Amino acid sequence: MDLALLRTFVTVHRAGSFTRAAALLGLSQPAVTSQIRTLERQLGRPLFLRQARGVTPTTVGDELAHRAAPHLDALVEIAETGLAEESGVRTLHLAGPPEFTALRALPALAPLVGQGLAVRASFLDDTEEILDGLAAGHHDLAIATARPRGGLLVSIPLCDEEHVLVAAPRWAARLSPEVLLGKGAVVLEHLPVVEVHESLPFVSRYWASVFETKPTAAATVIAPDLRAVRDVAASGAGLAVLPRYLCEEALERGHLVALLDPPVPPLRTYFLVARTGTLALPPLARAHEELLRAAGNW
């Protein structure tokens, strides 16, 4: 059986789409369709059921993927390991949200850099863009705030990020926790807000979790970087919702004050994501393990 046909088949099985598989393989969609039809003729069985959006594997297709994929992944591992040994350096392409990747993920990989790993980071805010880039082969590992669907990508929870409602001390002095807990959403609507986007993604998530409502105020300051949001809020421009790890030092120094301490703080989960089969590659496996190990202390 032609290995090229099997490779195309496994890619379609994981991608759930001829179009997406074609992009991953660098082929045209008609070429992918032709290869799958050739394989189906050789086997005498249909491998996929065509649907309006993508394809779903038949029982025979699932069985073939289960048997063939590990062997194809092993061949890729052999090829990739050989290339890494020849060059002396394996480059890891990592994608994720700017602040978390810069302050958490990249420092965690420092021990591997000392062992010869090269790292190239892509800072992306949009989760869909991150996962699409990973699926297309632009990245080796990705950190995302949503779990991917389908069989093309595999993910594992990396850590939970606690969100904190903060403001400079001069604002906090006007707002007692008792007042905020009693009618916090109403009181806070009259304060200036610092956010990363006009849609108020962090404030909206906090309001929904703590106050079970939506904010109606518009942002006073928009800065598309959480580190800038932190510093602008600390300067007294208004309230903000920030990840605790990002504002912990400012809280300890008194530059910011947590306005509330809810019984169940809002959390956001980060996922560590890779393409199916690629974690068999030693450099990716080591980076994956190092990030998971470090996350235990985050």
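Computed from a predicted model, the values in this text were never measured in an experiment.
- Within 6.0 Å of atom CD in E162, more than 12 heavy atoms from other residues, nucleotides or ligands are found, so the atom counts as buried in its surroundings.
- When the side chains of ILVMFWY residues are joined at heavy-atom separations under 4.5 Å, either directly or via intervening members, W171 and F202 end up in a single hydrophobic cluster.
- In this structure, T33 contributes its side chain and Q29 its backbone to a donor-acceptor pair below 3.5 Å.
- Scanning all heavy atoms of the two residues, the minimum distance from L256 to A168 falls at CD2-N, 4.0 Å.
- A heavy-atom distance below 4.5 Å is not found between the side chains of L200 and W207.
- We find the CD1-OG1 distance between I130 and T145 to be 7.0 Å, quoted to the nearest 0.5 Å.
- The environment of R170 atom CZ is dense: over 12 non-hydrogen atoms of other residues, nucleotides or ligands sit within 6.0 angstrom.
- In this structure, the side chains of V119 and T91 stay at 4.5 Å or more apart for every pair of heavy atoms.
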Evaluate side-chain contact (heavy atoms from CB on, under 4.5 Å) for Q35 paired with L27, printing each intermediate quantity in order.
CA-CA 11 Å; Q35 289 187 25; L27 300 173; 3.8 Å; yes

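- Remark: side-chain polar atoms of H197 are paired, donor with acceptor, to backbone N or O of S199 under 3.5 angstrom.
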Evaluate Y270 against I143 for side-chain contact (heavy atoms from CB on, under 4.5 Å), listing each step before the verdict.
CA-CA 6 Å; Y270 284 100; I143 297 169; 3.7 Å; yes

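- Taking the six-membered ring where tryptophan is involved, the planes of F48 and H13 are tilted, since the angle between them lies from 30° to 60°.
- Side-chain contact between D225 and V196: absent, with no pair of heavy atoms (C-beta onward) separated by less than 4.5 Å.
- No donor-acceptor distance shorter than 3.5 angstrom exists from the side chain of S209 to the backbone of R205, with no hydrogens or angles considered.
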Evaluate side-chain contact (heavy atoms from CB on, under 4.5 Å) for L292 paired with I156, printing each intermediate quantity in order.
CA-CA 9 Å; L292 289 176; I156 185 171; 3.9 Å; yes

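- For the atom pair CG (L134) and CG (L153), the distance works out to 5.0 Å, reported to the nearest 0.5 Å.
- Salt bridge D132/R20: present, at least one basic N to carboxylate O contact under 4.0 Å.
- T276 places a side-chain N or O within 3.5 Å of a backbone atom of L152 that can act as its donor or acceptor partner.
- Residues R227 and P98 are in side-chain contact: their nearest non-hydrogen atoms beyond the backbone lie under 4.5 Å apart.
- Here the side chains of Q42 and L5 are in contact, with some heavy-atom distance below 4.5 Å.
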Passes side-chain contact (heavy atoms from CB on, under 4.5 Å), V166 versus L251? Steps please.
CA-CA 9 Å; V166 299; L251 291 170; 4.1 Å; yes

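- Cluster annotation: L260 is connected to L242 through the hydrophobic network of ILVMFWY side chains, with a link wherever side-chain heavy atoms come within less than 4.5 Å.
- In this structure, E289 does not pair ionically with R286, as no charged nitrogen and carboxylate oxygen lie closer than 4.0 Å.
- For R41 and T38, the side-chain atoms include at least one donor-acceptor pair closer than 3.5 Å.
- Here the two rings, on F100 and W298, have centers that are under 6.0 Å apart.
- L92 is listed as a side-chain neighbour of L109, based on a closest heavy-atom distance under 4.5 Å.
- Taking the charged nitrogens against the carboxylate oxygens, E40 and R50 do have a contact shorter than 4.0 Å, which makes a salt bridge.
- Without hydrogens or angle criteria, T278 side chain to R275 main chain gives a donor-acceptor distance under 3.5 Å.
- Atoms CG and CG, on L272 and L94 in that order, are 8.0 Å from each other to the nearest 0.5 Å.
- Atom-to-atom distance recorded for R104:CZ and L291:CG is 12.5 Å, nearest 0.5 angstrom.
- Side-chain atoms of H163 and E161 form a donor-acceptor pair, as typed in the model, at a separation below 3.5 Å.
- A continuous path of hydrophobic side-chain contacts links V203 to L246 [ILVMFWY only; heavy atoms under 4.5 Å].
- Other residues, nucleotides and ligands place more than 12 heavy atoms under 6.0 Å from the CZ atom of R147.
- Tracing side-chain contacts under 4.5 Å through hydrophobic residues (I, L, V, M, F, W, Y), one never reaches V257 starting from L165; they form parts of separate clusters.
- For the atom pair D140 CG and L284 CG, the distance stands at 4.5 Å (nearest 0.5 Å).
- In this structure, Q51 places its CD atom where more than 12 heavy-atom neighbours from other residues, nucleotides or ligands lie under 6.0 Å away.
- Inter-residue side-chain proximity for P262 and Y206 is flagged as met; some heavy-atom pair is nearer than 4.5 Å.
- Atom CD of E128 has 12 or fewer heavy atoms from other residues, nucleotides or ligands within 6.0 Å.
- Formation of a donor-acceptor pair under 3.5 Å by the D160 side chain with backbone atoms of L267 is not found in this model.
- Residue H139 holds its NE2 atom at 9.0 Å from CG of L131, rounded to the nearest 0.5 Å.
- A continuous path of hydrophobic side-chain contacts links V60 to V12 [ILVMFWY only; heavy atoms under 4.5 Å].
- Side-chain contact check for V55 versus L49: every heavy-atom pair is 4.5 Å or farther apart.
- No side-chain donor-acceptor contact under 3.5 Å links S34 to the backbone of P30.
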